[in-house]
Number of protein chains: 2
Amino acid sequence: MTEPRVGRASGDSRVPEATVARLATYLRVLSILAERAVATVSSEELAVAAGVNSAKLRKDLSYLGSYGIRGVGYDVTTLTEQISRTLGLTVHRNVVLVGVGHLGEALAGYAGFASRGFRIAALVDADPQRVGRVVHGLPVRDAAELAELVAEHEITIAVLAVPGSAAQDVCDQLVGAGVTSILNFAPVVLAVPPHVDLRKVDLAAELQILSFHETRKAIERSTRVAQG
Amino acid sequence: MTEPRVGRASGDSRVPEATVARLATYLRVLSILAERAVATVSSEELAVAAGVNSAKLRKDLSYLGSYGIRGVGYDVTTLTEQISRTLGLTVHRNVVLVGVGHLGEALAGYAGFASRGFRIAALVDADPQRVGRVVHGLPVRDAAELAELVAEHEITIAVLAVPGSAAQDVCDQLVGAGVTSILNFAPVVLAVPPHVDLRKVDLAAELQILSFHETRKAIERSTRVAQG
DNA sequence: TAGATTGTTAATCGATTAACAATC
DNA sequence: TAGATTGTTAATCGATTAACAATC
């Protein structure tokens, strides 16, 4: 209990993975509250708005430190700052978007990008027809220039929106160029070395998960009818 | 141990949520193996291709029943069928896509849709400029027709790709029309009644999670340098 | 002080994994 | 039979949650 603290120093930062994912949601809710000039919010209010249990929310926030005021709640500005700091959003991050088809174009135009410290520094495509086009104010560059662009703009994060058939190849090039985080929209399982973080957005998987639950609900409905 | 089984009957189906999410990935790998005319696959091979631990894979598959052959592996066709059945992909599902901007258009053109038993039965948008346009062979219908379309095509799943400001309103309309599963791409936290399953794809959150890990990696690098 | 709300504890639940008996 | 690989056990790990002492 009162033993001297050993190991991890003040930076501490053993924030659970599940908590990290939710911090982004809290940040979104906090920004809406800030817009409405709300100064203070209780864990209960914030939890309801974020769609989670308030005990979970308080536990999540406790990993960042002790920024609430007992009997009062959390200061919206302070909490926003602390979550932003924890997520590393206070440093500016350059992103390369590879694959400027319909999806890539939609992602390039995503407003939430810039507002959170991310900047699309380069658009890249392998299709000569697309190279040179200006999309959302940025020219599409040739895939051959990838390594050069990553180095030039000190890019560490890539968003991959290329066809599945090209994804692993592009992924390898990105990793070779020094990218250490990849967000993959291509419908394939990518292999990356251990020092690279990979997340995927998988439309087919999302629908299949919903389909599973549709089946479950249908069974429940029929059981309820049968049992009365 | 040998007590008489009570409760859940043969359908059983207490498949953990984490397993359900991975089944979609296994299905993807299996379809590639089938293309290559591979007849049989071991848990180790399939696990490597899906990027998971083989013990986890076997545990996942064990929830579906016992479809492997000891000493041999899994029959690709049989396993594909069993996973498809578990995910409810053997019944045809109609989907409505609301919001036909760049993102909506990209989603409408997603090939993986049809190949897995999902069919976009209707495209809907509130913008009069978009209504009537034909996108990927389907006309964009007016938002006012939403309930009608859901009923007509017996739609239970909706994909939401509208601006954040409109999302909760559209969501309420969908639920009112009888939709019981929603895949939300709008950058807001939606509220739905308990009988409705909601999943979200959140680009900002994905990038923020990667940003968190970038920070962690940067700290590790500097610590390594400092400590030698 | 009285009321409100945080931060933390501890119990519970769910997911992961190594190991190996069962069995092809 | 010998070798290979599944399906399951049990230990461990991580996440959730109710409850409440601490404290504003």
Side-chain angles (χ1 to χ4, degrees), chain A residues 1-3 5 8 12-26 30 33 38-76 78-79 82-83 86 209 212-213 216, chain B residues 1-3 5 8 12-26 30 33 38-76 78-79 82-83 86 209 212-213 216:
Chain A
M1 288 275 128
T2 6
E3 286 170 33
R5 302 228 327 186
R8 291 173 274 111
D12 219 339
S13 188
R14 263 319 81 213
V15 184
E17 200 53 37
T19 295
V20 172
R22 283 189 297 266
L23 289 178
T25 303
Y26 303 153
L30 285 167
L33 294 175
V38 175
T40 292
V41 66
S42 73
S43 63
E44 184 60 32
E45 291 165 330
L46 190 52
V48 167
V52 304
N53 172 307
S54 72
K56 189 192 283 185
L57 178 124
R58 286 198 301 279
K59 190 114 184 69
D60 283 343
L61 297 184
S62 75
Y63 293 111
L64 318 192
S66 199
Y67 299 107
I69 305 164
R70 289 168 132 102
V72 178
Y74 298 87
D75 179 78
V76 170
T78 306
L79 193 52
Q82 292 306 327
I83 295 179
T86 301
I209 294 165
F212 172 83
H213 291 294
R216 188 180 45 71
Chain B
M1 288 278 125
T2 6
E3 287 170 32
R5 302 226 330 183
R8 289 172 274 113
D12 220 342
S13 187
R14 262 319 82 209
V15 184
E17 201 50 39
T19 295
V20 173
R22 284 188 296 267
L23 289 178
T25 303
Y26 304 153
L30 285 168
L33 294 175
V38 175
T40 291
V41 66
S42 73
S43 65
E44 183 61 31
E45 291 166 329
L46 189 53
V48 167
V52 302
N53 173 306
S54 71
K56 190 192 283 184
L57 178 123
R58 286 198 300 280
K59 192 110 181 63
D60 283 343
L61 298 184
S62 75
Y63 293 111
L64 318 193
S66 199
Y67 298 108
I69 305 162
R70 291 167 131 102
V72 177
Y74 298 87
D75 179 78
V76 170
T78 306
L79 194 52
Q82 292 306 327
I83 295 178
T86 301
I209 294 165
F212 172 84
H213 292 294
R216 189 180 46 70

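Reminder, nothing fancy here: chain letters follow the sequence lines and each chain counts from 1.
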[X] [atom1] to [N] [atom2], straight-line distance once rounded to whole Å:
X     : N      : atom1 : atom2 : value
A:E45 : C:dT5  : CD    : C1'   : 11 Å
A:K56 : D:dA18 : NZ    : C1'   : 14 Å
A:L46 : C:dT5  : CG    : C1'   : 14 Å
B:D60 : C:dT17 : CG    : P     : 11 Å
A:N53 : C:dC13 : CG    : C1'   : 14 Å

I want to verify a distance call: between C:dA15, D:dA15, D:dA18, whose nearest atom is closest to the B:E17 side chain?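 The listed nucleotide nearest to B:E17's side chain is C:dA15.
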
So, for [X] and [Y], which heavy atoms are closest and what is the spacing to 0.1 Å?
X     : Y     : answer
B:V52 : B:R22 : CG1-CD, 4.0 Å
A:V38 : A:V76 : O-CG2, 3.4 Å
A:V41 : A:L30 : CG1-CD2, 4.3 Å
A:Y63 : A:R14 : CD2-O, 4.0 Å

Pairwise N/O distances under 3.5 Å, protein to nucleotides 6-8 of chain D:
residue	atom	partner	partner atom	Å
D:dT6	OP1	B:S43	N	2.5
D:dT6	OP2	B:S43	OG	2.5
D:dT6	O2	B:R70	NE	3.1
D:dT6	O2	B:R70	NH2	3.3
D:dG7	OP1	B:S66	OG	3.1
D:dG7	OP1	B:Y67	N	3.3
D:dG7	OP1	B:G68	N	2.7
D:dG7	OP1	B:G68	O	3.4
D:dG7	OP2	B:Y74	OH	2.7
D:dG7	N7	B:R58	NE	2.9
D:dG7	O6	B:R58	NE	3.2
D:dG7	O6	B:R58	NH2	3.0

Qualifying residues under side chain to side chain contact (heavy atoms under 4.5 Å, CB included), relative to A:S54, sequence neighbours excluded: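 Per chain and number, A:S54 pairs via side chain to side chain contact (heavy atoms under 4.5 Å, CB included) with A:S43, A:E44, A:A47, A:R58.
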
Within the 4.5 Å heavy-atom criterion, are A:L79 and A:L46 side-chain neighbours or not?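 Counting from C-beta outward, A:L79 and A:L46 do come under 4.5 Å.
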
Any side-chain heavy-atom pair from B:Y26 and B:L61 closer than 4.5 angstrom?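 The answer is yes; the side chains approach within 4.5 Å.
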
Enumerate, in order of first residue number, the stems that involve DNA chain C, defined as 3 or more consecutive Watson-Crick or G-U wobble pairs with both distances under 3.5 Å.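 Runs of three or more consecutive pairs: C:3-24 with D:3-24.
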
Candidate pair A:T86 and A:V20, rule side-chain contact (heavy atoms from CB on, under 4.5 Å), full reasoning: CA-CA 9 Å; A:T86 301; A:V20 172; over 6 Å; no

